[in-house]
Chemist: 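Handing you this structure, nothing more for now.
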Amino acid sequence: MTIRIINGKRLNRDLQWETSHSIDIQDGHIIAFDKNEIKAEKIIDAKDCLILPSLIDLNVALREPGYTAKGSVLTETRAAVAGGVTQLCCSPQTRPVNDSRAVTKLIKELAISADCCDVFPLGALTKGLKGEQLAEYAALKSAKCIALSNAYNPIKNLSVTQRCFDYAFTHNMSVFINPIEASLHKGAMHEGHVSTTVGLQGIPALAETVAVAQLIQLASASGVHLHLSQLSAKDSVDQVRIAKQSGIKVTADVAIQNLLYTDEAVEDFSSTYHCLPPLRSEIDRQALIEGIKDGVIDSITSAHQPHEAAAKQMPFAETDPGMSTVEFLLPMAQMLSRQNELAFELFIKAMNQGPASVLNLPANSLDIGKPANLVVFDVNKPQYVDNESIISRGKNTPLFGKEIVGQVKATLFKGRQVFDRA
Amino acid sequence: MQASQDTPSPKSLQLTESGRLKHFLTITGLSKALLTEILDTADSLIEVGERNIKKVPLLRGKTVVNLFFEPSTRTRSTFELAAKRLSADVLNLNINTSATSKGESLSDTLKNLEAMASDMFVVRHAQSGAAHFIAESVTPGVSIVNAGDGWHAHPTQAMLDMLTIRQNKGGFEGLRVAIIGDILHSRVARSQIRALNTLGVEEVRVIAPNTLLPKHVESLGVTVFNSMEEGLKDLDVIIMLRLQRERMQGALLPSESEYYNLYGLTTERLKIAKPDAIVMHPGPINRGVEIESEVADGKQSVILDQVTNGIAIRMAVMSMAMGGQMEEQQLKQKAKNDIEGNEGEI
């Protein structure tokens, strides 16, 4: 299949925009810019569009096996490519938990038959994610788990964490940890003036920052590569900055919702904004954006958590946390750039070069000879978000019922068009 | 933040377009004029309780369901009496042990009750925001009155307290009021603070150790005191809160006796406040834990007035909310008829 993308502006490796007359794609690779070297079988018109390297997402819940009321590998990878994501890590929080070769292989097989994008399973850090016994890291690695993760389960015993880190280091695997100190982590939203007003029990920032401090110390002692998932508090960013300066192998990411929203959104008990970690204060949000700008936070993720409608139709604290975000990453990035808070190019870097280096994989890039992993994003195209337009099984997005600006028109992965809006 | 526009704010959710009450979920977002209207309406209904035939027909033909997901004696009985004095049919449901423990969701429970053509739900629930959630999910025309949700709000309790203060002090201007005790877990305190500030008192204080105060409590518009000796000075109104015994378990307090020594309202301490200060308590009282018996039964105590006023306030709120709903439904029907009428002409 040969494809030519005509018109548009393309983002080069140095995050500069170039006018694009044409991009020729053959045998999965970009073979020429602005020449007519091939007879294209398909032409994609990128007039008024941006052509971007496709996105790499470190944190997507595919929900399969076990939670197919919320989503499946097929529905959620379709949503991912509709959002411009072509490589993603999926959480071990499945039923059964992905703590075995069999579950990892099942997810891989489902991903191959869905045939949308690359799926890199994260293996469970402990058996059943219970925080008690080591999972079989060697077996998980041989089944192609890309790293290990505790998902949202706090590890209550520090000596277990220490041994997980030592054993992961033995097998040269990275550990992805959501930093949660269980004994401080009670509640459903950020502890601040809003939680005081609405009378919801607040989760203090300390529940995260105390865990970050402990995890950095333990990782430093073991030598393992620690990746902190979903930082939400200012003090966490400051700690990671210092740890990086002192040469500790630590990386971090932040979920898109923590860059866009704060705890003020919970004032009306809207369960859409029930997230884990919670949406925190404006000071925290600003610190997270700064963390992306100065590179302390390596990556932005969707932290995509699709839910069935009923999971969000209860009093706030009883609802399941998380948002369905993966297919709206670029419109959300554009909200941040249009509020002059985070340049669009930096967002792309934090969803391409950033996560690629966390995973030790090559980044996607628009260069001759490189795999054609790219997104055509129609920047000014309005779209109304409703049940019909959302591709994910989870309709639990804060954009629901709103008109948003910007729409992915096409996504290519290894030279194949895996998403076509038309 | 684009976030806050998503769902109707409590203000728009509980008011009709013309600004009348249609649900009563929280004091937040209600104007001084509306709170005063509630108090005036309650004043006019107090007299019903003094008649031989204690009934008015304001809710005749309406079905009120008392939906209590948490145990309650006093609040539920005053709501029941209030509804009956308004001539409504009343159904009491205590759900803490029945449907929800069988795995039925709150939404499904509500749908079933709505199918029985109820007009009003009086709801108590352990989760903050539950009344708000129910008001968003019920069929238009059904009115929700919050009888306490989690730590969030208990607006009828706050209003009966306001009525008691107004009866005793003549108004709110210039008053110094302190709320004493477990503010952290108290929906009553949150609603009282809102109401007192909206009605324009001089100062609202909270007196408690830091373990019983929510973080950023001053953002509610209160002055914080850790000591009774300081906090009681110049007070016109003293509101004591009930101390739950289980607070010792979570390491919030060392013992009841240490709490009483530091925060118990004794005859001696009462002298620090103004001589005509009134003493209030939402009940039930723990004598010897937060308040001395002599003070609870003393001449400055208005605790039993609060109970009496509870019925009048609940009658007022129920009749006002039902009136707002009926007006809104009539307007909607009229608008619908107008549209259909116009279409007919074309």
Side-chain angles (χ1 to χ4, degrees), chain A residues 183 186-206 257 260-275 279 281-282 285 308-319 323 332 335-336 338-339 385 397-404, chain B residues 1-13 25-26 28-29 69 100 105-111 123 125-137 148-154 183-191 193-194 213-222 250-251:
Chain A
S183 60
K186 299 200 168 58
M189 67 172 295
H190 171 62
E191 182 181 78
H193 75 274
V194 181
S195 68
T196 291
T197 304
V198 300
L200 282 165
Q201 188 167 12
I203 304 169
L206 280 171
Q257 68 248 20
L260 267 176
Y261 306 113
T262 66
D263 59 345
E264 303 282 341
V266 181
E267 227 160 26
D268 301 334
F269 298 105
S270 169
S271 62
T272 308
Y273 296 95
H274 182 192
C275 297
L279 303 171
S281 71
E282 180 62 15
R285 189 180 78 90
E308 74 280 27
K312 288 285 188 184
Q313 288 166 354
M314 275 174 276
F316 187 90
E318 291 179 351
T319 57
M323 287 181 181
M332 287 171 130
M335 285 157 73
L336 282 170
R338 291 189 176 178
Q339 292 165 16
V385 181
T397 162
L399 307 176
F400 194 93
K402 289 185 183 159
E403 186 161 278
I404 59 172
Chain B
M1 284 276 77
Q2 50 283 88
S4 39
Q5 294 156 12
D6 286 5
T7 45
S9 70
K11 185 174 174 179
S12 58
L13 187 60
L25 309 174
T26 170
T28 308
F69 295 88
T100 43
S105 78
L106 178 53
S107 305
D108 286 332
T109 306
L110 285 171
K111 279 179 198 150
V123 184
H125 198 284
Q127 288 289 349
S128 298
H132 193 274
F133 165 75
I134 292 169
E136 278 182 324
S137 10
D149 62 328
W151 306 346
H152 171 234
H154 194 351
I183 314 289
L184 176 63
H185 301 94
S186 178
R187 53 190 171 217
V188 175
R190 282 179 177 79
S191 289
I193 292 166
R194 286 276 174 204
L213 290 172
K215 297 284 183 272
H216 311 282
V217 64
E218 62 291 338
S219 67
L220 298 176
V222 296

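A, B, ... follow the sequence lines: proteins, then strands. Residue 1 opens every chain.
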Chemist: Side chain, backbone, both or neither: which part of B/H185 has an atom under 4.5 Å from a heavy atom of chain A?
Modeler: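 Neither part, no heavy atoms under 4.5 Å.
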Chemist: With a 3.5 Å cut-off and no angle check, do the side chains of B/R194 and B/T28 form a donor-acceptor pair?
Modeler: yes
Chemist: Which one wins on heavy-atom pair count under 4.5 Å against chain B: A/S195, A/P315, A/A310?
Modeler: A/P315
Chemist: So for B/R190, is it side chain, backbone, both, or neither that comes closer than 4.5 Å to the heavy atoms of chain A?
Modeler: side chain
Chemist: Could you list the residues that satisfy ring pair (Phe, Tyr, Trp, His ring centres under 6.0 Å) with A/H190, not counting sequence neighbours?
Modeler: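 With neighbours one apart ignored, the set is empty.
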Chemist: For A/E318, give me all partners under salt bridge (charged side-chain N to carboxylate O under 4.0 Å, His left out), at least two apart in sequence or on another chain.
Modeler: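 A/E318 satisfies salt bridge (charged side-chain N to carboxylate O under 4.0 Å, His left out) with no residue once adjacent residues are dropped.
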Chemist: Is there a donor-acceptor contact under 3.5 Å linking the side chains of A/T319 and A/H274?
Modeler: yes
Chemist: Can you tell which part of B/S128 gets under 4.5 Å to a heavy atom of chain A, answering side chain, backbone, both or neither?
Modeler: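 Both backbone and side chain.
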